[in-house]
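Everything on this sheet refers to the single structure shown next.
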Amino acid sequence: MTPTHDLFAAMRAHVVEALSALLPELPPENFARVLVEPPRDAAHGDMATNAAMVVAKAAKVPPPKLAASLCEKLAALPVVVSATPAGPGFVNIKLTEDFTRSVVPAVLAAGPAYGDGPKREGGPVNVEYVSANPTGPMHVGHCRGAVVGDALALLLRKAGFDVTREYYVNDAGAQVLALAYAAYWRYLQALGTTMTEEDYAAATPSGLQYRGDYLVPVGVALRQIFKDTLSGPGATPADPSLWLDTVRDFTVEAMMSAIRDDLAALGVQHDVFISERQVVAEGWLEKAEAALTAKELIYTGVLEPPKGKTPDDWEPRPQVLFRATQFGDDVDRPLRKSDGSGTYFANDVANHLAKIERGFPQLVQVWGADHGGYVKRMQAAVAALSDRKVSLDVVLTQIVHVMKNGEPVRMSKRAGTYITLRDLIDEVGKDAVRFTMLTRKADAQMEFDLDKVVEQSRDNPVFYVQYAHARCRSVLRQAGDPALAGLAEAPLTALTDPAELALIRRMAGWPRTVEAAAAAREPHRIAFFLQDLASDFHVLWNRGRDDSTLRFIRAEEPEATRARLALVAATATILRSGLAVMGVEPVEEMR
RNA sequence: GUCCUCGUAGCUCAGCAGGAUAGAGCACCAGAUUCCUAAUCUGGGGGCCGUGGGUUCGAAUCCCGCCGAGGACACCA
């Protein structure tokens, strides 16, 4: 048993040890591709390894021959019942039931920490997510990224990484200016202006963009605080220099406050909020440009027009360009516009330099799929700034289509069918939202069926998993909630039914699921694992229904009862631990 | 035109770092309830993994072409 209680890792260590003994002259790096996995077909045994096939070439031994020798070695292990060569060179391993059952006390002893990865060296991983523009309330479009990012951060922590969860506030661009103008309009209204909305829109540089009601209270608040000092005579627009900075800062703060509340309602947390304006104010843009200039990765040039459809207003313009093509991008990317001001990309480069300087060896970004075209240039920038030492992984999240009564709910601000994040949470609850958002790969489109998500049936995974946990708790309550430490000592030889052993084998796979999901940055795998685990448990439960000798609590068999209570408690522990990674609360009962 | 993501059962989707006979749910058909919650479970049918090549002991998985879907494509964020 390894410290992490990972049966597969333990067996892999045995396999590698056996290989080393068989092939003493072979350098150990040849064992890197050795896998010990659950076989696809349970009839093959408890575990299978590809070791003979993977090592055969370097060892200059035919795979079947090597497999046979390996089997001899492995069969000699006390925890192995049999090891048999199969197919092109697989080794199928059948474990003693005692070894399989040893997972149960390991889970109970470790508690929620079962499946935790080893402590990782090298500094924290930075995970940036949500980063919605502070121009309005959060809607369902932001929701998926928020949930995926938050779950990914929790998953990486589970896997042993230190994680810094970050929100990048886009408070420096044209959108925020437009927001300020829109809030100013509500302020003038609060003062009782006689101006019409259309006149105001016409007099505003980029028009009146944000017309939603949510800015009305902001206007009222501005009047309460600043009276009429920000306006001209008779509640007419004053010169922007008198009010723009004030209104912008106030409105951004109001929007961020609302966003924070929404995120809190979703159970999403961040450790750090980084302001784009602050990043620029601290001079990171200049530092980034200087760093790239020093590496001779910056020049002034004119880009080719985009192939295919050229924008109508395209004309050749000299710009300050970053040599992204040297780092795998398709074209070099502008850092400054033709008027010399910085591009959004430049600010983002600055932000990433700041992160690199803060000492993160790994950066993760969760973006909407519409930003997919942006990935290469950002990775190029990070590679350039860090001399390829810092990695940037981007997780893209696809669109969510909200369905109700079998009809897609159209997202339209004008038609008033705009679904805010808060609406969604109010309708189905935070846990259902989070779990459901994680039942698909992040980059696959998904339907969010409001009716299905609250349905209490097999085809609602949220319910199915929660129900399994509730059943576990029900059994444990019946038994008077025995202490886990005591159950960890229980003899388990009574656990012999195939359904019981199948459940234990599933639990044995939890650590490797965590590890693999974290490495792939795919939190949805946790949701699928929990569904499988819940299924194994429901099967077992029903076995007790068919055959009363398999019920968990048997007054006439105290030892079997204790063994099964240990099994149930271990199941509940992993269900809770998995739900925690998803940020979902386990329920005690379903009534 | 270029780039990105994707194409697996009637539907919605898994498939872990290339592994053995490709899985789950829904839907359909047939069953199980004196019981710790039947809100569950058992069994059955259903597939040229878009398509054509390549890499190798072995490909849904990796590489290339084609077809199809969605997205992104200078000075927006």
Determine the contact category for Arg471(A): base if any of its heavy atoms lies under 4.0 Å from a base atom, sugar-phosphate if only primed atoms, P, OP1 or OP2 are that close, otherwise nothing. sugar-phosphate
Taking Watson-Crick (N1-N3 plus N6-O4 or O6-N4) and G-U wobble (N1-O2, O6-N3), each under 3.5 Å, can you produce the dot-bracket string of RNA chain B? Use [ ] for crossing pairs and | for inter-strand ones. (((((((..((((.....[...)))).(((((.......))))).....(((((..]....))))))))))))....
Give me the ring orientation class for Phe463(A) and Tyr467(A): parallel if the planes are under 30° apart, tilted from 30 to 60°, perpendicular past 60°. parallel
In terms of side-chain heavy atoms of Ala516(A), which of U37(B), A74(B), C16(B) is nearest? C16(B)
Where the side chain of Asn92(A) is defined as all heavy atoms beyond and including C-beta, which of A77(B), A20(B), C57(B) is the nearest nucleotide? A20(B)
Does the ring of His44(A) meet both stacking tests against the six-membered base ring of A20(B): centre distance under 5.5 Å and plane angle under 30°? yes
Does [X] place a side-chain N or O at less than 4.0 Å from the phosphate oxygens OP1/OP2 of [N]?
X	N	answer
Tyr464(A)	C41(B)	yes
Lys376(A)	C3(B)	no
Lys441(A)	U5(B)	no

Shortest non-hydrogen contact between Ala52(A) and Leu66(A), atoms and distance: O-CD2, 3.7 Å
Under 3.5 Å donor-acceptor, Arg120(A) side chain and Leu156(A) backbone: no
Keeping Arg440(A) on the side-chain end and Met437(A) on the backbone end, is there a donor-acceptor pair under 3.5 Å? no
Quick test: give all pairs of protein nitrogen or oxygen and nucleotides 8-10 of chain B nitrogen or oxygen below 3.5 Å, distance rounded to 0.1 Å.
none

Which residue, Val475(A) or Glu315(A), contacts RNA chain B at a nucleotide closer to its 5' end, judged by nearest heavy atom? Val475(A)
RNA chain B: Tyr374(A) or His524(A), which has the more 5' nearest nucleotide? His524(A)
Expressed as a whole number of Å, how far does the P atom of C73(B) sit from that of A27(B)? 41 Å
Determine whether a donor-acceptor pair (one donor, one acceptor, N or O, separation below 3.5 Å) exists between the side chain of Arg525(A) and the base of C16(B). no
